[in-house]
Amino acid sequence: MEKIIILGSTGSIGTQTLEVIEKLNNYKVLGLSAGKNIKLLKDQIRKFHPQVVCVQKEEDIKEIKAEFDIEVLYGNEGLVELSNKTNYNTLVVATSGIVSVRAVVNAIKNKKRIALANKETLVMAGDIVMELARKNSVSIVPIDSEHSAILQCMNNKNNESAKRLWITASGGPFLNSSREDMKNFSAKDALNHPRWSMGKKITVDCATLVNKGLEVIEAHHLYNFSYDDIKVVIHPQSIVHSLVEFIDGSFLAQLGLPSMHIPIQYALTYPKRLEGIKTDSFNIYNNKLEFLEPDYEKFPLLTLTIECGKTGGTAPVVLNAANEVAVNKFLNNEIGFLDIEKLITKTLEKTKIIKNPTLEEIFEVDRLIRQDLS
């Protein structure tokens, strides 16, 4: 029996993970964590009968306890305590932001398998997390569709013969828009993604292409490829989820309709592939697949994000924190769309980068950047 703990069970990835588990045999939910959506968390408790849950606020404990005879933890310390349970196999990290980084580190120390959908874990602390995973012989299996596609193409056997990784991007809602037009685009425009249904923050990141830069940083850590050998390619149809180029000139690609169920299930069952949840197959006939070079002048944050990855240290931490603040300001109509890149650039220019930060220094830099920009 595979026992699972899900951090962020009421979010998009978390709810889809539960849909996948419902269709798999011999998989049991041991623990769940949620933020503000206590109503949905209670529905999940009724359906999946976890032994322990974690809520964001202490005052929500009473509401859970009033209905369920269950262990209830709270806050960031509760997430760490949840990850410290010994009777589970896999920690699914479906939260956004930095709240789960300590829990991931703790789970790795306890030699638990990590199914990772949280970008910040590797963007902010990739060197620390991956070294810890290697030291403890822990698998970190990606849930992001792009990184899952790379894993599937590698088949865990072709690392030495792989030459380049190609991460696909839909191009977002502004692929065919000019810089002049982008000055006037609203949050509503940016949230109108042509292919994927995601949370607001990540959808805006897709519009700026920051998301692809962050995925390049993640791929660097996950697969130990140099930044020069990780490429971004615009693929508007979102059918090919990423490609691997090999030393003999051949490419392998993973194809499928835009659906997170497939990479979630693959992360849970890896290295096996099970039937599990039923997803639609795209019609292979009459499909046009385009591959375009990114417009780095129109989307300068793609270049800036990758450069922060190359710089290393706390550069990705500064960029990530500034981006989150800027996106929130944009969504709240406090700044314009192109002001996102201005805010991030100014923040990086005035911030001293720490070359080999500790985990505590990473958290402190993140806190200070958010405080300074609030």
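The model shown is predicted, which means the values in this text are computed figures rather than measured ones. Side chains are part of it too, since the values below use all heavy atoms of this structure and drop only hydrogens, waters and symmetry mates.
Side-chain atoms of Q265 and R273 form no donor-acceptor pair, as typed in the model, at a separation below 3.5 Å. Judged purely by distance below 3.5 Å, without hydrogens or angles, the side chains of T303 and E307 never pair a donor atom with an acceptor atom. Under 3.5 Å, the side chains of T15 and E19 contain no donor-acceptor pair of N or O atoms. Between the side chains of Q44 and S9, a donor-acceptor pair is found at a separation under 3.5 Å. Using modelled atom types, one finds no donor on one side chain facing an acceptor on the other under 3.5 Å when comparing D228 with S226. N136 and K111 share a side-chain donor-acceptor pair at under 3.5 Å.
With a 4.5 Å cut-off on side-chain heavy atoms, I98 and F363 count as touching. You'll find the side chain of R46 reaches within 4.5 Å of the side chain of E67, heavy atoms only. Residues H241 and E146 are not in side-chain contact: their nearest non-hydrogen atoms beyond the backbone lie 4.5 Å or more apart.
The heavy-atom pair separating F291 from V240 by the smallest distance is CZ-CG2, 3.8 Å. For I4 against I6, the heavy-atom pair with the smallest separation is CG2-CG1, 3.9 Å. Nearest heavy-atom pair, T305 versus L214, reported as atom, atom and distance to 0.1 Å: CG2-N, 3.5 Å. Closest approach of L24 to G276, counting heavy atoms only: CD2-CA, 3.9 Å. Considering all non-hydrogen atoms of both residues, F174 and F185 come closest at CE2-CD1, 3.4 Å. Closest heavy-atom contact between I140 and A133: CD1-CB, 3.8 Å.
Note: H220 and Y227 have parallel aromatic rings, judged against thresholds of 30 and 60 degrees for the angle between ring planes.
With rounding to the nearest 0.5 angstrom, the CG atom of N211 is 7.5 Å from the NZ atom of K201. Rounded to the nearest 0.5 Å, atoms CG (L30) and OG1 (T90) are 11.5 Å apart. For the atom pair I128 CD1 and T121 OG1, the distance stands at 11.5 Å (nearest 0.5 Å). Rounded to the nearest 0.5 angstrom, Q237 CD and S170 OG are separated by 10.0 Å.
Salt bridge absent: D372 and R367 never bring a charged side-chain N and a carboxylate O closer than 4.0 Å. Taking the charged nitrogens against the carboxylate oxygens, E71 and K85 do have a contact shorter than 4.0 Å, which makes a salt bridge.
Counted within 6.0 Å of CD on E297, heavy atoms from surrounding residues, nucleotides or ligands total 12 or fewer; the atom is thus considered open. Atom CG of N332 has more than 12 neighbouring heavy atoms from other residues, nucleotides or ligands inside a 6.0 Å radius. Atom OH of Y74 sits in a sparse spot, with 12 or fewer heavy atoms from other residues, nucleotides or ligands closer than 6.0 Å. The neighbour count for N287 CG, taken as heavy atoms of other residues, nucleotides or ligands under 6.0 Å away, is above 12.
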How far apart are the C-alpha atoms of I230 and I306, what are their side-chain angles, what is the distance that settles it, and do they pass the side-chain contact (heavy atoms from CB on, under 4.5 Å) test?
CA-CA 10 Å; I230 306 172; I306 295 171; over 6 Å; no

Would you sort out whether L243 and L165 count as a side-chain contact (heavy atoms from CB on, under 4.5 Å), showing the intermediate values?
CA-CA 6 Å; L243 311 92; L165 309 180; over 6 Å; no

Steps toward side-chain contact (heavy atoms from CB on, under 4.5 Å) verdict (K119, D144):
CA-CA 9 Å; K119 293 186 183 303; D144 270 358; 2.6 Å; yes

I would like to know whether E324 and N328 meet side-chain hydrogen bond (donor to acceptor under 3.5 Å, both in side chains); could you show each step before the answer?
CA-CA 6 Å; E324 285 196 17; N328 283 333; 5.6 Å; no

L132/K109 under side-chain contact (heavy atoms from CB on, under 4.5 Å): CA gap, chis, key distance, verdict
CA-CA 7 Å; L132 194 61; K109 289 179 179 178; 3.9 Å; yes

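Using modelled atom types, one side-chain atom of N37 and one backbone atom of L40 make a donor-acceptor pair closer than 3.5 Å. S83 contributes a side-chain N or O that, together with a main-chain N or O of V80, makes up a donor-acceptor pair within less than 3.5 Å. Side-chain atoms of H147 do not come within 3.5 Å of backbone N or O of E218 as any donor-acceptor pair. Put simply, the side chain of S100 never gets that close to the backbone of A103: no donor and acceptor are under 3.5 Å apart.
Both the sub-6.0 Å distance and the 45° axial angle are not jointly satisfied by K42 relative to the ring of F68.
For F246 and F251, the ring centers are positioned 6.0 Å apart or more.
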